[in-house]
Amino acid sequence: MDNRKTVIRFFTIADYEEEEVWLHNQHKGGWKLSKMIPPCFYIFEKCTPEDMAYRLDYKNNAETPNYFQIFSDYGWKYIGRCVGWLYFRKPLSETNSEQDGEIFSDNESRLDLINHVIKTRLLPIMLIFLCCVLPNFIRSAETSDPFANVFTVLFAVLTVLYLYLLIYCGLKLRKLKKKYRND
């Protein structure tokens, strides 16, 4: 029997709550997260099925020196980092309240996380799209060179992909901000 498995699963910057639930369900099914490899590879190890809270925090390498100690003091085990996201887990059996299973103490902290994701991930992606992908798509579409057709198709695919991701992530992050402002 294999004690390790690799799962390919893609989550956007706006899907971190769904990723936490998915990781929880994997652990409940007897597979604990041991490592993430960008962009979408999750390495799991066989374990005893357990109700385990998984939480993600986005620091983008901006942690303070005592950051990890604070999590450890509250019973959170650091698993690793992947593209700016930090992964933690804690057995739900060690929590006394619903708040113990959360890494954010209030909605203001959750809103700060979302704003940080927007500033350091969504806006740069938008900038790359507006400065690189879109102008190159337009330039290749206006060129009559037959070789340019290959680039036109490539940049058309990239344009559609970027637009989809920007709209999807933008709307979802906006919805999360609204949710945490109203709670």
Side-chain angles (χ1 to χ4, degrees), residues 4-27 29 31-44 53-63 78-89 103-104 107 109-183:
R4 292 178 68 100
K5 74 174 182 176
T6 301
V7 178
I8 298 172
R9 180 82 190 260
F10 183 76
F11 293 97
T12 70
I13 56 174
D15 295 329
Y16 64 93
E17 289 181 339
E18 288 86 350
E19 187 174 0
E20 291 173 345
V21 171
W22 180 71
L23 292 169
H24 167 81
N25 290 335
Q26 291 291 318
H27 204 114
W31 293 98
K32 70 178 178 180
L33 180 66
S34 65
K35 183 177 174 183
M36 297 76 49
I37 301 171
C40 56
F41 297 94
Y42 294 83
I43 314 296
F44 292 94
Y54 279 82
R55 296 294 177 258
L56 279 67
D57 192 11
Y58 181 74
K59 287 295 184 188
N60 202 25
N61 297 322
E63 306 88 52
Y78 173 68
I79 303 163
R81 98 176 44 240
C82 186
V83 199
W85 290 96
L86 302 165
Y87 291 71
F88 298 92
R89 74 173 156 241
I103 60 172
F104 297 107
N107 286 341
S109 301
R110 290 178 182 92
L111 288 168
D112 287 344
L113 168 79
I114 294 166
N115 287 330
H116 188 60
V117 168
I118 290 170
K119 288 177 190 168
T120 61
R121 286 287 191 231
L122 191 61
L123 290 179
I125 290 170
M126 188 180 303
L127 191 64
I128 290 168
F129 173 72
L130 293 173
C131 294
C132 299
V133 176
L134 192 58
N136 281 308
F137 170 63
I138 293 168
R139 189 176 307 119
S140 68
E142 292 173 344
T143 305
S144 60
D145 182 1
F147 187 67
N149 291 339
V150 174
F151 287 106
T152 302
V153 171
L154 173 69
F155 285 114
V157 169
L158 284 173
T159 298
V160 169
L161 180 63
Y162 267 85
L163 279 174
Y164 172 77
L165 284 173
L166 286 169
I167 292 169
Y168 174 83
C169 292
L171 290 174
K172 187 147 189 195
L173 290 169
R174 183 178 170 196
K175 184 178 178 182
L176 284 169
K177 282 178 82 166
K178 186 176 180 181
K179 171 185 165 183
Y180 292 127
R181 277 191 194 124
N182 295 333
D183 277 355

Who passes side-chain hydrogen bond (donor to acceptor under 3.5 Å, both in side chains) against [X], sequence neighbours left out?
| X | result |
| --- | --- |
| Thr12 | Asp15 |
| Arg81 | Asn61, Glu63 |
| Lys5 | Gln26 |
| Asn25 | none |

Original post:
Under the ring-ring contact (aromatic ring centres under 6.0 Å, His included) test, which residues partner Tyr58, sequence neighbours left out?
Top reply: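 With sequence neighbours excluded, Tyr58 shows a ring-ring contact (aromatic ring centres under 6.0 Å, His included) to Trp85, His116, given in chain and number order.
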
Between [atom1] on residue [X] and [atom2] on residue [Y], distance to nearest 0.5 Å:
| X | Y | atom1 | atom2 | result |
| --- | --- | --- | --- | --- |
| Leu113 | Phe104 | CG | CZ | 4.5 Å |
| Ile114 | Ser109 | CD1 | OG | 11.0 Å |
| Glu18 | Leu56 | CD | CG | 11.0 Å |

Original post:
What closest approach, in Å, do Leu33 and Ile79 show between heavy atoms, and which atom pair accounts for it?
Top reply: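 Closest pair (atom of Leu33, atom of Ile79, distance): O-CG2, 3.7 Å.
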
Residues 173-182, side-chain donor-acceptor partners within the protein, below 3.5 Å, at least two apart:
| unit_1 | atom_1 | unit_2 | atom_2 | d |
| --- | --- | --- | --- | --- |
| Lys177 | NZ | Asn115 | OD1 | 2.8 |
| Tyr180 | OH | Glu17 | OE2 | 2.1 |
| Asn182 | ND2 | Lys178 | O | 3.2 |

Original post:
Mind checking what makes salt bridge (charged side-chain N to carboxylate O under 4.0 Å, His left out) contact with Arg55, not counting sequence neighbours?
Top reply: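 Applying salt bridge (charged side-chain N to carboxylate O under 4.0 Å, His left out) to Arg55 gives Glu20, Glu102.
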
Report the residues that fulfil side-chain contact (heavy atoms from CB on, under 4.5 Å) with [X], sequence neighbours left out, ordered by chain and then residue number.
| X | result |
| --- | --- |
| Cys82 | Met36, Pro38, Tyr87 |
| Leu130 | Met126, Leu134 |
| Ile8 | Cys40, Phe41 |

May I have the list of side-chain donor-acceptor pairs in residues 148-167 shorter than 3.5 Å, sequence neighbours left out?
| unit_1 | atom_1 | unit_2 | atom_2 | d |
| --- | --- | --- | --- | --- |
| Thr152 | OG1 | Ser140 | O | 2.9 |
| Thr152 | OG1 | Ser140 | OG | 3.3 |
| Thr152 | OG1 | Ala148 | O | 2.9 |
| Thr159 | OG1 | Phe155 | O | 2.6 |

**OP:** Could you tell me whether Lys32 atom NZ has more than 12 heavy atoms of other residues or ligands within 6.0 Å of it?
**Re:**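 Check fails, neighbour count at 12 or below.
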
Original post:
Can you pull the salt bridge (Lys or Arg N to Asp or Glu O under 4.0 Å) pairs that have at least one residue in residues 112-131, sequence neighbours excluded?
Top reply: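 Passing the test, one end in residues 112-131: no pairs.
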
**OP:** Classify the ring geometry between Tyr54 and His27 as parallel (under 30°), tilted (30 to 60°) or perpendicular (over 60°).
**Re:**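 Tyr54 vs His27 ring planes: tilted.
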
Subject >> Minimum side-chain heavy-atom gap Tyr42-Trp31 below 4.5 Å >> reply: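 Answer no - side chains too far apart.
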
Original post:
Is the centre of the Trp22 ring less than 6.0 Å from the centre of the Phe44 ring?
Top reply: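 That pair passes the under 6.0 Å test.
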
